[in-house]
There are 2 protein chains.
Amino acid sequence: MGRNRSFDETQVLESAMHAFRRHGYAGISIKQLEEATGLSSGSLYNAYGDKEGLFRAAMAFYVDGYVAGRIEAHAGPVATLEDLEQLFLTLFREPMTDGNGCLVVNSTMEFGTQGSPAEEAMARSFDLVTAGIHGVLRREIEPERSAAEADKLLLLYHGILVFSRAGRFDEGFEDAVRSQFDILRQSRDRFRSRQQTTQKEE
Amino acid sequence: MGRNRSFDETQVLESAMHAFRRHGYAGISIKQLEEATGLSSGSLYNAYGDKEGLFRAAMAFYVDGYVAGRIEAHAGPVATLEDLEQLFLTLFREPMTDGNGCLVVNSTMEFGTQGSPAEEAMARSFDLVTAGIHGVLRREIEPERSAAEADKLLLLYHGILVFSRAGRFDEGFEDAVRSQFDILRQSRDRFRSRQQTTQKEE
DNA sequence: GTAATTTTAGAATGTGTATTTTAAAATGAG
DNA sequence: CTCATTTTAAAATACACATTCTAAAATTAC
């Protein structure tokens, strides 16, 4: 059954992913992808079919490895406001500060709605983040305000990714995040004491 | 002194701007730009030098006409929280809902930090929006919280532009915006009554 | 060890790209 | 009216691009 692949697939996808993150899909050539991955175009085409196939693979790699992992760690089924706050604060630390932004959001902005090679990965990633944030708030604050507050955080999160890519990292943004989570914690405290009061009455 | 230009420059820039908005810079070809603008490549090159020149012109056109106009109208030197809220709510109405997003933010995500042909226009646009939002909040709410709340709104605003381009317009986002402005209005009320109290004491 | 099969690198291919050139048509200035 | 200059459209150019082909090297299964 012929020889085995001699390159490290993970390493190739990692390199390709960073290259796409930096230059976008239309903005990078096969030649640049050869340089980035260390593979010849022959091998790339053999392994991934075409440029779009490599892009899809890099997207899936990114969503599985980076997005899903971060959401599990900071916005999983038992995550608290404090965990979620950490999710936001990691956006201000390595490796998110290299100025190349998030592959999913970059690709979203490049392709828009109309049939993009990134469509499924994009949808999956947005669903993960949305569900994670909404889940935490549903557990932590009063139900009437939870959806609106979750949406605010969702928008805040993606706003940060825009400024990250723009290289415009005001120090204030971190304060803005902390201040918003402080407000949510106050909300949680009120919610909890009200719950206790209700319990006593029963 | 030779003949005059026979095309409507405004109309050409408007078409080019929408084409760039839709396809990005790297994603659109001169041929497509000929179709979009109705001009032959000869005329385009004569008028704008090259593809990058046309892009710069389209960017400047967009920032001058759209961004600056909207900021003046809703976040000028005498704008209130209500005016600013309108700025946000217009993002949910025509013509911002065509799924092509904002040329400035799209281009930011395409090029990132490193020397982009959109650099000056991008910087000007971000400065306009930032200054407008911070200006309103500085006037309307208590100084200690004004910067953080302005940054929150700034991030919220750009988050909306991401979801707009993604074609993922949850109805909840509009509620999220309104709820945030309701909170800011409460903040303004407290700030004003405190100011009155202080005045009486003097 | 042999045969089948895959990977691999690099050359080859054809298409699409941005851009320049060409020459004719248009039109403003004197 | 005439001349100078510009716009314009279309053909021409040169290059970069994604992709395919080729043949050799590698390596697994038997």
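Lettering of chains follows the sequences in order, A, B, ..., and the numbering in each one begins at 1. Because the structure is a prediction, the values reported are computed rather than measured. Reckoned from all heavy atoms, side chains included, excluding hydrogens, waters and symmetry mates.
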Undergrad: Flag the pair A:Glu140 and A:Arg192 as a salt bridge only when some basic side-chain nitrogen lies within less than 4.0 angstrom of an acidic carboxylate oxygen.
TA: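 A salt bridge is present here (some side-chain N lies under 4.0 Å from a carboxylate O).
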Undergrad: Should B:Arg168 and A:Asp127 count as an ion pair when the cut-off is N to O under 4.0 Å?
TA: yes
Undergrad: Decide whether B:Arg145 and B:Ser187 meet the rule of one side-chain donor and one side-chain acceptor closer than 3.5 Å.
TA: yes
Undergrad: If you only use heavy atoms from C-beta on, which nucleotide in D:dA9, D:dT19, C:dT19 is closest to the side chain of A:Ser41?
TA: D:dT19
Undergrad: Do A:Lys152 side-chain atoms and B:Phe173 backbone N/O form a donor-acceptor pair below 3.5 Å?
TA: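 Between the backbone of B:Phe173 and the side chain of A:Lys152 there is no qualifying donor-acceptor contact (under 3.5 Å).
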Undergrad: Listed in order of residue number, which residues of residues 43-57 of chain B have a non-hydrogen atom at under 4.0 Å from DNA chain D?
TA: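 Result for residues 43-57 of chain B: B:Ser43, B:Asn46, sorted by number.
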Undergrad: At what angle, to 10 degrees, do the two end axes of the helix from C:dG1-D:dC30 to C:dG30-D:dC1 meet, given five pairs define each axis?
TA: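 Here the local axes at opposite ends form an angle of 20°.
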Undergrad: Out of curiosity, A:Glu82 CD to A:Gln86 CD, how far, rounded to the nearest 0.5 Å?
TA: 9.0 Å
Undergrad: Is a side-chain N or O of B:Arg138 found less than 3.5 angstrom from the main chain of B:Ser146, in a donor-acceptor match?
TA: no
Undergrad: Could you give the distance from CG (B:Asp151) to CD1 (B:Ile133), rounded to the nearest 0.5 Å?
TA: 9.0 Å
Undergrad: Is it the case that A:Ser43 and A:Asn46 place a side-chain donor and acceptor less than 3.5 Å from each other?
TA: no
Undergrad: Which atoms form the tightest heavy-atom contact between A:Glu85 and A:Arg178, and what is the distance?
TA: OE2-CA, 3.7 Å
Undergrad: Measure from the side-chain N and O atoms of A:Asp64 to the backbone N and O of A:Phe61, and report whether any donor-acceptor pair falls under 3.5 Å.
TA: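 Not confirmed, A:Asp64 side chain does not pair with A:Phe61 backbone.
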Undergrad: Below 4.0 angstrom, which residues in residues 13-32 of chain A have at least one non-hydrogen atom near DNA chain D?
TA: A:Ile28, A:Ser29, A:Ile30
Undergrad: Which nucleotide wins on minimum distance to the side chain of A:Phe7, given the candidates C:dT19, C:dT8, C:dA11?
TA: C:dT8
Undergrad: To the nearest Å, give me how far apart CD (A:Glu34) and P (D:dC17) are.
TA: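 Roughly 11 Å, once rounded to whole Å.
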